[in-house]
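Data block below; observations after.
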Amino acid sequence: MRKVAIIGIGMTKFGNLWDRDLVSLSVEAGMKACHDANISQEEVEALYGGTMSGGLFVNQEHVAALLGDFSGLKNIPCTRVEAACASGGLALRQAYIDVASGMHDIVVAGGVEKMTDIGGAAVTKTLATAASQEWEAVYGATFPGLYAMVAKLHMHKYGTTEKQLAMCAVKNHKNAVYNPFAQFRREISVQDVLNSQKVADPLNLLDCSPITDGAASVILASEKKAKKLCKKPIWILGSGHAIDTISLHDREDITTLKATVEAAKQAYKQAKLSPKDIDCVEVHDCFTIAELCAVEDLGFCKKGESGKFIESGHTQIGGSIPVNTSGGLKAKGHPIGASGIAQVIEAVLQLRGEAKGRQVDAKIAMTHNVGGTGGTAVVHILGR
Ligand code: COA
């Protein structure tokens, strides 16, 4: 396999972007990434685009060809990638495999979702299409409800508290203040989280990622092209991808996302690194409990100890493993298909030393993107 680098990044603002559509968001992110890589779109040889549900959110399918067309990518292969909330991370992995295999030299991996054109109930129903229809959604299970069950069991088994869950949201909102692309750039307190509207016990509104519009793109290049085109290429050192049962009830222990454990194992092995080598990580915090599970499943603390780990400040900027310096899905926003790519953009910014106001000393960064309640997980390790 050839070495692969990320040579360009671009994203839109995340938020309730009522005056924008799927196409214009994608084109903006793609053009910014080409500009950052100092290439024209004619030099792109293939596109992998992550999006969960163009059909249900905005009545638009056949998205890859559409976005390729409007981006001026004439007659090149454009492929849509769908893995629920892990669509973006998986698009990156497919683009990585493409370049690593020698098939193409310059490839764009992007992600987009336009979620706010339909009402909240319709969004919840659309998101629930990523759960098992026969075993979960049909009984009224929604993602807040499913993750609430994970949180309840984590609290029961390990003594995790609602305050410890809230601390994740507080940290991520604090980090997002310094991210100009984030949906919520305001600090909140633990009390704000605990007092916010109950969504699914024990999760409150401020434990949840929001409904978001947005797009993100990165340009991947082979080693030869990267060295020619880019002063600060960021190398993909490891890539892992695994699945697990879609339904929670089929798992031995719903507080462990085996797909995450397995994807991380693959990425660590390929990169020849271990958790202690990672300087910062963007984890999939669609709900605060998901961030707790992630720091355990990725190996940053022991099983069951994430509550105390977070409480003692390890995951803050300046801590032993800063988590979600971008603001995470919680505060940066979670436009489903774009989230996995936006995580990679934060990792690249940290590694380039361009994460203004939230910079950590990073040589190695990790990204972790989950579909559903862990039916899919994708993990990447990046380095300077
Ligand atoms: N975090 C912070 N603030 C939020 C928020 C969130 N997650 N969601 C909404 N808000 C704010 C809004 O900006 C708005 O503020 P304003 O009154 O100052 O304008 C207020 O809260 C009410 O917003 P509204 O859109 O009416 O909230 P809602 O009750 O319809 O939706 C949730 C809130 C939590 C139910 C919704 O964001 C949600 O479903 N999130 C989970 C998404 C999800 O499941 N993703 C997939 C994960 S697997």
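Order of listing sets the numbers, starting from 1, for every ligand and every atom in it.
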Tell me which donor-acceptor pairs under 3.5 Å the side chains of residues 260-267 have, and how far apart each pair is, sequence neighbours excluded?
{"unit_1": "T260", "atom_1": "OG1", "unit_2": "H368", "atom_2": "NE2", "d": "2.9"}
{"unit_1": "Q266", "atom_1": "OE1", "unit_2": "H241", "atom_2": "N", "d": "2.9"}
{"unit_1": "Q266", "atom_1": "NE2", "unit_2": "H241", "atom_2": "O", "d": "3.2"}

Please tabulate protein-ligand N/O pairs under 3.5 Å for ligand 1, atom names and distances to 0.1 Å.
{"unit_1": "ligand 1", "atom_1": "1 (N)", "unit_2": "K330", "atom_2": "NZ", "d": "2.8"}
{"unit_1": "ligand 1", "atom_1": "7 (N)", "unit_2": "C208", "atom_2": "O", "d": "2.7"}
{"unit_1": "ligand 1", "atom_1": "7 (N)", "unit_2": "S209", "atom_2": "O", "d": "3.4"}
{"unit_1": "ligand 1", "atom_1": "7 (N)", "unit_2": "P210", "atom_2": "N", "d": "3.4"}
{"unit_1": "ligand 1", "atom_1": "40 (N)", "unit_2": "S209", "atom_2": "O", "d": "2.8"}

Linked, directly or transitively: I97 and I6 (ILVMFWY side chains, under 4.5 Å) = yes
Got a sec, which pairs hit ring pair (Phe, Tyr, Trp, His ring centres under 6.0 Å) with one end in residues 27-77, sequence neighbours left out?
-> none
Sequence neighbours excluded, which residues qualify as ring pair (Phe, Tyr, Trp, His ring centres under 6.0 Å) partners of H314?
-> F309
Just by modelled atom types, is the V138 backbone N or O under 3.5 Å from a matching donor or acceptor in the E136 side chain?
-> no
Hey, are S326 and N179 close enough side-chain-wise for a donor-acceptor pair under 3.5 Å?
-> no
